[in-house]
Structures are given as structure tokens and as C-alpha cells.
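Structure first, commentary second.
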Amino acid sequence: MSAACSGPAGGHPVSVVITVAPTGPIASKADNPALPTQPEQIAEAVHEAYLAGASVAHIHLRDARDRPTADPGIARRTMDLIAERCPILIQLSTGVGLGVPFAEREALVELRPWMATLNPCTMTFGAGEFRNPPADVARLARRMAELGVKPELEIYDTGHLEECLRMRDAGLLPGEPLQFSLVLGVKGGMAATADNLLTMVRRLPAGCVWQVIAVGRANLELTAVGLALGGNARAGLEDALYLRKGELSPGNLPLVRRAAGLAAALDRSVASVEETAALLRLPSR
Ligand code: KMH
Ligand code: ZN
């Protein structure tokens, strides 16, 4: 295995970065009434998650009718409401939502969040299409580097990792360490199996930082496997609407607490905001 797999099994316990993903682009309040969609609701959910150990907040925005949006005013307001409550590191999603044009999505990085997602490839995404044309992705990567916004690279399939490594080799991803999300369970991407996760972890470049995003039913199991392998954890209603079969999660907090509990059971401490910023080598601002 590469150094990417070092962690508790290698005898060097490392703190776990917990990212809360409270909203996402797909689910609605009809799916789970506890889904936070408006800026105040999102800020409240993020604050609770921060108090439970989350040091990063992965943020999707919704308009007044709860539709995914890249409206910079809504983004600014949400970021401000979060910052008023806690110093959690804000990561804006540039995935935003399947129907939102790339030009609107990429403009979100102009708000200079600490981090933003970078989705390297176009793919089928459930019943829809997630469009990430190569020239647009390269332009967004360049702009993020100029602004000092750290990319989180979203890997839904094996080829997405190769594309990121090509971008790195082309100088489009200058900051170390590279930060990956291994996304399992999206229809159109890798199935949510431990075998797929291990395959991807083996292929990661040495020295990178990574987390598991396990969408749907396998959320608990694959989050646990990722933590046991030395990865970080993401938790929230974006990825799992249910705590277990038939039991909707009454909010983001139980999911964040569950991830923190898994880390504790594996004897891994939860990273503070300061530790996370150091681990990711975020530039001081
Ligand atoms: N919704 C997740 C499957 C993004 O926001 O850019 C992937 C995600 C990507 O979180
Ligand atoms: Zn997202």
C-alpha cells in the first residue's frame, strides 16, 4: 500500500478531520423534513456539527424555493452566518446541483472560501448528467490556485483519479497535500463496496489527505472502513438521510456524532479547526 494508507493500522494515530455536509444538491424536505436548506438553517446545523467535532463544512446552497443555486448573495450570506457562529473551515461545493451551469458554479470560488470542491469529470449522476468539461475544470483549477482556495478532488470512479493526477502533472493542482474524496454509491460512479474503496485507497498518491463519501445505505459501514484505513470522515444529510433502515436522521447532528463515535472507537482523536488547517497546509490569510 502507498503511504496514503498509513494511519492507525500503521501504528501512527492521526487526528480525524470530520466534514459536515448538511444539505447537498439532491434531497428535499419531502425526503427528510430536517434537511437544512435556507442560510439560517444551514448555519445552525453547521454550528451544532462544529460543537460535535466537525472542522470543515461542505456547503450547498438553495434558493427561496429550495432549488440548488450558485447565487453569490445567498452564498455570502450563508458564509457570514456560519462565521458569526463558529470558526469552522468553509468548503463551498462547486458541484452545486445538476441543472446549474458551470459558469455560475465556478464563480463561487470568487468568494474565497478556504476550500471548494473540484469535480474532475463529466458523468451520469442518478437520473441526471453532471457536466464537468475538461477545459472548464482546468480553468476552475487554475482560478482556485490563483485565489488560494484549496480544492477537494471528488473521485467517483477510477479514471477520475487518473485525471486528477494528469492535472497535477500539468501544474494545475500546485498545493500539497492533495485532498481527495472517494465517493462511493452514486448511480453512475463506483458502487459502495469495501472492495472498491480499498482499490482506490491503494491507488492514491503518497502523502495525500483523503476521506470517504459513502452515499446511501453503506454510509455507516464505509465511513468506518475509511477511518480504520486512516482516512477522514464526512457526515451529514447530503450523503445519508437515514440513520438506519426505516429511521430518518432527525438532523445532521446524529450523523456527525456517529462519525465522531467511530473515530473514538478506533482510538483516533478528532481534529480541531487549527489542526485541520495545519494538516491541509491552508495558507494563512
Ligand atoms: N454529493 C456528493 C456525492 C460536490 O459537492 O462538489 C458529491 C459532492 C460533490 O459533494
Ligand atoms: Zn456536495
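The model shown is predicted, which means the values in this text are computed figures rather than measured ones. Indexing begins at 1, ligand by ligand and atom by atom, following the structure's order.
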**OP:** Please work out whether the ring planes of H58 and H60 are parallel, tilted or perpendicular, with thresholds of 30° and 60°.
**Re:** perpendicular

Original post:
Counting from 1, what ligand 1 atoms have a heavy atom of V183 closer than 4.0 Å?
Top reply: 3 (C)

**OP:** Ignoring hydrogens and angles, tell me if any N or O in the side chain of N32 forms a donor-acceptor pair with the backbone of L241 under 3.5 Å.
**Re:** yes

**OP:** Please report how many protein N/O/S atoms lie under 2.8 Å from the Zn ion (ligand 2).
**Re:** 3

Original post:
Where do E238 and N252 land on the side chain to side chain donor-acceptor pair (under 3.5 Å) test, with the steps shown first?
Top reply: CA-CA 9 Å; E238 172 163 351; N252 279 280; over 6 Å; no

Original post:
Under 3.5 Å, side chain of T69 to main-chain N/O of R62, donor-acceptor pair present?
Top reply: no

Original post:
When you measure from atom 1 (N) of ligand 1 to every protein heavy atom, which one gives the shortest distance, and what is it?
Top reply: E238 OE2, 2.7 Å

**OP:** Report yes if T94 has an N/O atom closer than 3.5 Å to an N/O atom of ligand 1; otherwise report no.
**Re:** no

Original post:
Is the closest N or O pair between D239 and ligand 1 shorter than 3.5 Å?
Top reply: no

Original post:
If you round to the nearest 0.5 Å, how far is CZ of R142 from CE of M167?
Top reply: 10.5 Å

Subject >> With R105, the side chain to side chain donor-acceptor pair (under 3.5 Å) member among D136, N132, T94 >> reply: N132

**OP:** Distance to 0.1 Å, residue and atom name: give those for the protein heavy atom nearest to atom 4 (C) of ligand 1.
**Re:** S93 OG, 3.3 Å

Original post:
Which of the atoms of ligand 1 are close to R234, meaning less than 4.0 Å from one of its heavy atoms?
Top reply: 2 (C), 10 (O)

**OP:** Could you grab the distance from atom CG of L165 to atom SG of C208, nearest 0.5 Å is fine?
**Re:** 9.0 Å

Subject >> Numbered atoms of ligand 1 (with element) below 4.0 Å of G95, judged on heavy atoms >> reply: 6 (O)

**OP:** Below 4.0 angstrom from a heavy atom of H60, which ligand 1 atoms are there? Numbered from 1 as shown, please.
**Re:** 5 (O)

**OP:** Return the residue, atom name and 0.1 Å-rounded distance of the protein heavy atom closest to atom 7 (C) of ligand 1.
**Re:** Y156 OH, 3.1 Å

**OP:** Output yes when a side-chain donor or acceptor of R268 lies under 3.5 Å from a complementary backbone atom of L227, and no otherwise.
**Re:** yes

Original post:
Is R168 atom CZ crowded by more than 12 heavy atoms from other residues, nucleotides or ligands, each under 6.0 Å away?
Top reply: yes

**OP:** Using a strict cut-off of 4.0 Å, indicate which atoms of ligand 1 neighbour a heavy atom of V186.
**Re:** 3 (C)

**OP:** Carefully, step by step, assess V137 and N119 under the rule side chain to side chain contact (heavy atoms under 4.5 Å, CB included).
**Re:** CA-CA 7 Å; V137 173; N119 292 276; over 6 Å; no

Subject >> For L173 against C164, the heavy-atom pair lying closest together >> reply: CD1-O, 3.5 Å

**OP:** Enumerate the atoms of ligand 1 whose separation from the nearest heavy atom of N119 is less than 4.0 angstrom.
**Re:** 4 (C), 6 (O), 9 (C)

